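Along the sequence shown, residues are numbered consecutively beginning with 1. These figures come from a predicted structure and were not determined experimentally.
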Amino acid sequence: MPTRASLLLPIVMVVLAACGGDHPMSTLDAHSDLTREINHIYGRIFWWTGLLFLLVQGGLIYTVLRFRAKGNETTNPEQVHGNLKLELTWTILPIFILLHIAIPTVSVIFKSQAPATEEGKVTINALGEQWWFAFEYPELGVVTANEMHVPLGKEVEIRLQSDNVIHSFWVPQLAAKRDMVPGRVNQIKFKAEKLGEFYGQCAEYCGDSHALMKLRVVVDTPEDFAKWVEAQKAPAESESATAQAGFQAFQGAGCVACHAINGTTAAAVIGPDLTHVGSRTTIASGILENTEENLKTWIKDPPGVKPGSKMPNLNLSDEQVASIAAYLQTLK
Ligand code: CUA
């Protein structure tokens, strides 16, 4: 038989685990206007429901203690039918509490999906794929995957779409969570308030590698963001011997059937755009650090790294793999 203390232990541990440390996926650390407002509503709901909990439980405990049978009492309590005052109170009071929660909630939902209008806004089309994210900046002419850059303090409007199954775009500290639904465009808007790298994850079960469908949002100063845009718009490096041999291997292996590399003949849009894949911090949708060794592991056997990966194992030789990996690393 477990003792009462041992039953409490897991609860205490969970509570303690929430204290301190770095929690990049914690929704409680808000770093955008949107997530701050959501946390504000969260706090409001927490305190109102906490108050109700105390009132209801307090009344219950009081009643149990005050009116419990004492000794061998046999008299039946007085039978009552209804109490108008009490019933009005517990109908009207919750209406006010629910309105107090509903009005700010609905207003933040509307605000979060309104189009961006301010000077310096950035629009991004985000497409959920199995299992990675495609990002396109239509006004800036940038296409990338799995890592989006945004400028600090500027409105970012993301148009969320999918052409396969439902995914959910979730960046807890910046962009909250919103579904990517085939056949419709959902919008989410936020202004980042802190520089740095923020983690995201697909939050709707979408198949084999749902859990491995990650993303990152890098918040840059507006100057660094402009530099990043310039670098992304430039065509891929193609002068060096590594690049030339690498592109030959890339083409020979059939990679051009799915991927685009600007400035080369590769222009397919089935897999992620690789024009500047070397500039990303991770590969395979955020699950491996972007190193030459990891690239080799990934190219050699994609479904081995990511179950169900649409990039097949092409049975490439070690030479082909090495040449392609070295080439992709040059695409900064
Ligand atoms: Cu995409 Cu889960």
Side-chain angles (χ1 to χ4, degrees), residues 115-129 132-161 163 169 171 174-175 185 187-192 195-198 200 215-244 246-247 250-251 255-286 290 292 295 324-332:
T117 51
E118 292 177 14
E119 178 81 25
K121 70 178 169 100
V122 175
T123 313
I124 302 168
N125 291 327
L127 195 62
E129 297 284 357
W132 56 281
F133 293 92
F135 300 131
E136 181 209 4
Y137 296 63
E139 289 137 4
L140 302 171
V142 168
V143 177
T144 184
N146 305 320
E147 267 179 43
M148 88 167 41
H149 283 241
V150 301
L152 181 74
K154 304 285 180 199
E155 275 189 333
V156 177
E157 175 187 321
I158 307 180
R159 299 182 188 144
L160 305 163
Q161 298 168 74
D163 59 2
F169 184 85
V171 188
L174 287 182
V185 182
Q187 294 204 152
I188 198 144
K189 181 179 72 171
F190 66 90
K191 264 191 231 176
L195 292 173
E197 223 177 58
F198 297 88
L215 74 137
R216 274 164 204 235
V217 180
V218 181
V219 180
D220 293 325
T221 60
E223 298 73 39
D224 285 347
F225 177 72
K227 278 185 211 153
W228 177 80
V229 169
E230 279 317 304
Q232 294 291 307
K233 274 160 64 172
E237 204 274 309
S238 59
E239 299 302 314
S240 67
T242 311
Q244 287 181 358
F247 187 73
F250 186 81
Q251 207 168 19
C255 309
V256 290
C258 294
H259 295 283
I261 298 179
N262 265 349
T264 73
T265 48
V269 292
I270 294 169
D273 187 298
L274 299 177
T275 309
H276 294 289
V277 66
S279 71
R280 297 174 202 151
T281 57
T282 60
I283 53 167
S285 193
N290 190 359
E292 200 160 326
L295 265 170
I324 295 170
Y327 170 49
L328 296 179
Q329 283 281 288
T330 66
L331 300 177
K332 298 284 184 197

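Nearest heavy-atom pair, Ala192 versus Leu152, reported as atom, atom and distance to 0.1 Å: O-CD1, 3.7 Å. For Ser285 against Trp132, the heavy-atom pair with the smallest separation is OG-CA, 3.5 Å.
Counting only heavy atoms from C-beta outward, the side chains of Ile283 and Asn146 never approach each other to under 4.5 Å. When side chains are defined from C-beta on, Val171 counts as touching Val217, because their heavy atoms get closer than 4.5 Å. Side chains of Gln329 and Leu295 form a contact here, defined as non-hydrogen atoms less than 4.5 Å apart. Side-chain contact between Val122 and Val150 is absent, with no heavy atoms from C-beta onward closer than 4.5 Å.
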Pair up each side-chain donor or acceptor in residues 258-274 with any protein partner under 3.5 Å, not counting sequence neighbours, and list the distances.
unit_1: His259; atom_1: ND1; unit_2: Pro272; atom_2: O; d: 2.8
unit_1: Thr264; atom_1: OG1; unit_2: Ile261; atom_2: O; d: 2.7
unit_1: Thr264; atom_1: OG1; unit_2: Ala266; atom_2: N; d: 3.0
unit_1: Asp273; atom_1: OD1; unit_2: Thr275; atom_2: N; d: 2.9
unit_1: Asp273; atom_1: OD1; unit_2: Thr275; atom_2: OG1; d: 2.6

Side-chain donor-acceptor pairs under 3.5 Å in residues 222-232, sequence neighbours left out?
unit_1: Asp224; atom_1: OD2; unit_2: Thr221; atom_2: OG1; d: 3.4
unit_1: Trp228; atom_1: NE1; unit_2: His149; atom_2: NE2; d: 3.3
unit_1: Gln232; atom_1: NE2; unit_2: Ser279; atom_2: OG; d: 3.2

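Looking at residues two or more places apart in sequence or on another chain, you find a salt bridge (charged side-chain N to carboxylate O under 4.0 Å, His left out) between Glu157 and Arg159.
Here the side chain of Gln161 pairs no donor or acceptor atom with the backbone of Asn125 at under 3.5 angstrom. Judged by distance alone, the side chain of Glu237 and the main-chain N or O of Ser240 form a donor-acceptor pair under 3.5 Å. When atom types are taken as modelled, the side chain of Asp220 and the backbone of Pro151 share no donor-acceptor pair closer than 3.5 angstrom. The main-chain N or O of Ala234 is found under 3.5 Å from a side-chain atom of His276 such that the two form a donor-acceptor pair.
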May I have the step-by-step check of side chain to side chain contact (heavy atoms under 4.5 Å, CB included) for Val218 and Met148, ending in yes or no?
-> CA-CA 6 Å; Val218 181; Met148 88 167 41; over 6 Å; no
Where do Val156 and Lys121 land on the side chain to side chain contact (heavy atoms under 4.5 Å, CB included) test, with the steps shown first?
-> CA-CA 6 Å; Val156 177; Lys121 70 178 169 100; over 6 Å; no
With side chain to side chain contact (heavy atoms under 4.5 Å, CB included) as the test, would you mind laying out the steps for Phe169 and Leu215 before giving the verdict?
-> CA-CA 9 Å; Phe169 184 85; Leu215 74 137; 3.5 Å; yes
Can you check side chain to side chain contact (heavy atoms under 4.5 Å, CB included) on Lys189 and Glu155, steps first, answer last?
-> CA-CA 7 Å; Lys189 181 179 72 171; Glu155 275 189 333; 3.5 Å; yes
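In this structure, the separation between OG1 on Thr123 and OH on Tyr137 is 10.5 Å, given to the nearest 0.5 Å. A distance of 13.0 Å separates CZ in Phe133 from OG1 in Thr144, rounded to the nearest 0.5 Å. From Ile158, atom CD1 reaches atom CD1 of Ile124 across 5.0 Å, with rounding to the nearest 0.5 Å. Interatomic distance, OG1 of Thr330 versus NZ of Lys332, reported as 8.5 Å (0.5 Å rounding).
Side chains of Gln244 and Ser238: a donor-acceptor N/O pair is absent below 3.5 angstrom, by distance only.
The pair Arg280-Glu147 does not count as a salt bridge, with every side-chain nitrogen at least 4.0 angstrom from each carboxylate oxygen. We find that Glu118 and Lys191 are joined by a salt bridge, their nearest charged nitrogen and carboxylate oxygen being less than 4.0 Å apart.
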